[in-house]
Amino acid sequence: AGRFLDGRVVADPAVGSIDGNLVATVVEDDEGGRCTVNLACCIPEGMDRATAQVVADKFVQRGMRLRVREPRLEIMADGSRGITVHNPWDLRIRVALEADDLDAARYEGKRLFEKGAFKAATAAYLRAIQGGTRDAAVLLSNRAQALIQQGRWAGAVHDAAAAILLDPTWDKPWKRYEAAVEGMGFDDVAARARAVPAHGGGGG
């Protein structure tokens with residue numbers, strides 16, 4: 001347990017299989033090794049091949065980082081070796097964003113939150129978080145608040161706790177952690193969080 005394939009996509013995606021719901025690409029690890037990766041979890045069933053290729057081109061792009069949990073090498077139909085991902089939970093994709101894109105994603109999250117579009121704000125904050133580590137505590141705290149507004153308490157606890165680990169002296173994530181655990185019905189935990197003497201800085 002705990003094995004991963006980490007690497008960068010170095011080939012354009014190609015839709016394969018008879019029903020067109022399998023996307024093949026090539027991933028290069030940090031040591032220069034290459035492996036075919038077949039994604040059987042990103043194209044909805046029943047989609048025609050041409051449309052599936054359009055979706056694949058947006059979903060899998062050269063340069064993005066890809067992580068596969070518990071990869072298993074298989075012999076493909078053409079005799080080559082590769083890895084097939086069937087479960088979407090076994091796949092993580094990370095796109096490195098430029099500074100301007102990070103700022104845009106953060107601004108978009110704030111704008112959507114102020115409009116009351118909390119689900120969309122959550123997605124925008126996630127995009128910013130995945131794009132880099134700058135302002136991670138602020139982004140996690142903001143996403144926790146967006147999740148609280150949706151009653152998604154467990155996710156809010158997770159994000160608020162992560163923000164606290166990054167900046168334990170900032171009071172906002174503590175307040176959001178308190179609100180989230182209280183929403184889950186853990187009043188005693190909320191009371192203990194309320195008693196923590198967090199002070200000072202940060203902000204977002």
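Not measured: the values here are computed from a predicted model.
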For this session: Begin with the C-alpha distance, continue with both residues' side-chain angles, and end with the deciding distance and a verdict on side-chain contact (heavy atoms from CB on, under 4.5 Å) for Trp170 and Val138.
Result: CA-CA 10 Å; Trp170 182 29; Val138 173; 4.0 Å; yes
For this session: Write down the atom of Ala40, the atom of Thr84, and the distance for their closest heavy-atom approach.
Result: CB-CG2, 4.3 Å
Listed pairs under 3.5 Å, donor-acceptor, residues 117-125 side chains, sequence neighbours left out:
| from | atom 1 | to | atom 2 | distance (Å) |
| --- | --- | --- | --- | --- |
| Thr122 | OG1 | Phe118 | O | 2.8 |
| Thr122 | OG1 | Gln150 | NE2 | 2.8 |
| Tyr125 | OH | Lys110 | N | 3.2 |

Exercise. Could you walk me through whether Glu108 and Arg111 pass the salt bridge (Lys or Arg N to Asp or Glu O under 4.0 Å) check?
Worked result: CA-CA 5 Å; Glu108 181 69 1; Arg111 184 185 69 81; 2.7 Å; yes
Problem set entry | Inter-residue atom distance Glu31.CD - Asp6.CG, 0.5 Å rounding | 11.5 Å
Problem set entry | Side chain proximity check, Leu39 to Val60, heavy atoms < 4.5 angstrom | yes
Exercise. Applying the 4.5 Å side-chain criterion to the ILVMFWY set and letting contacts propagate, would Val26 and Met64 be lumped into a single cluster?
Worked result: no
For this session: Using side chain to side chain contact (heavy atoms under 4.5 Å, CB included) as the criterion, point out the one residue from Val68, Val27, Leu73, Thr25 that pairs with Cys35.
Result: Leu73
For this session: Return the set of residues passing salt bridge (Lys or Arg N to Asp or Glu O under 4.0 Å) with Asp30 (not counting sequence neighbours), or none when no residue passes.
Result: Arg65
Exercise. Roughly how far apart are Lys172 NZ and Asp167 CG, rounded to 0.5 Å?
Worked result: 12.0 Å
Exercise. For the side chain of Arg49 and the backbone of Val15, is there at least one donor-acceptor N/O pair under 3.5 Å apart?
Worked result: yes
Exercise. Which is it for Val157 and Met184 under the side-chain contact (heavy atoms from CB on, under 4.5 Å) test, yes or no, and what are the steps along the way?
Worked result: CA-CA 9 Å; Val157 167; Met184 295 180 73; 3.7 Å; yes
For this session: Assess whether side-chain contact (heavy atoms from CB on, under 4.5 Å) is satisfied between Val37 and Val85, documenting all intermediate values.
Result: CA-CA 7 Å; Val37 176; Val85 183; 4.2 Å; yes
For this session: Would you check if the side chain of Glu70 reaches a backbone N or O of Arg3 as a donor-acceptor pair within less than 3.5 Å?
Result: yes
Seminar exercise, completed: Smallest heavy-atom separation, Arg176 atom then Ala144 atom, equals CB-CB, 4.5 Å
Exercise. Are any non-hydrogen side-chain atoms of Val189 and Tyr177 less than 4.5 angstrom apart?
Worked result: yes
Problem set entry | Arg67 to Phe4 six-membered ring, cation-pi geometry met (6.0 Å, 45°) | yes
Exercise. By salt bridge (Lys or Arg N to Asp or Glu O under 4.0 Å), which residues pair with Glu28, not counting sequence neighbours?
Worked result: Arg34
Seminar exercise, completed: Closest non-hydrogen atoms of Ala163 and Ser141, given as atom of the first, atom of the second and distance, are CB-N, 4.0 Å
For this session: Answer yes or no: is there a side-chain heavy-atom contact under 4.5 Å between Asp187 and Glu182?
Result: yes
For this session: Report yes or no: do Ile164 and Trp153 belong to one cluster of Ile/Leu/Val/Met/Phe/Trp/Tyr joined by side chain heavy-atom distances under 4.5 Å?
Result: yes
Problem set entry | From CA spacing to verdict: side-chain contact (heavy atoms from CB on, under 4.5 Å), Leu5, Ile83 | CA-CA 10 Å; Leu5 166 67; Ile83 293 168; 3.7 Å; yes
For this session: Please answer whether the main-chain N or O of Ala160 pairs with a side-chain N or O of Trp174 as donor and acceptor at a distance below 3.5 Å.
Result: no
Exercise. Only one of Ile148, Leu140, Asn142 clears side chain to side chain contact (heavy atoms under 4.5 Å, CB included) with Asp159; which?
Worked result: Leu140
Problem set entry | Separation between CZ of Arg62 and CZ of Arg8, rounded to the nearest 0.5 Å | 12.5 Å
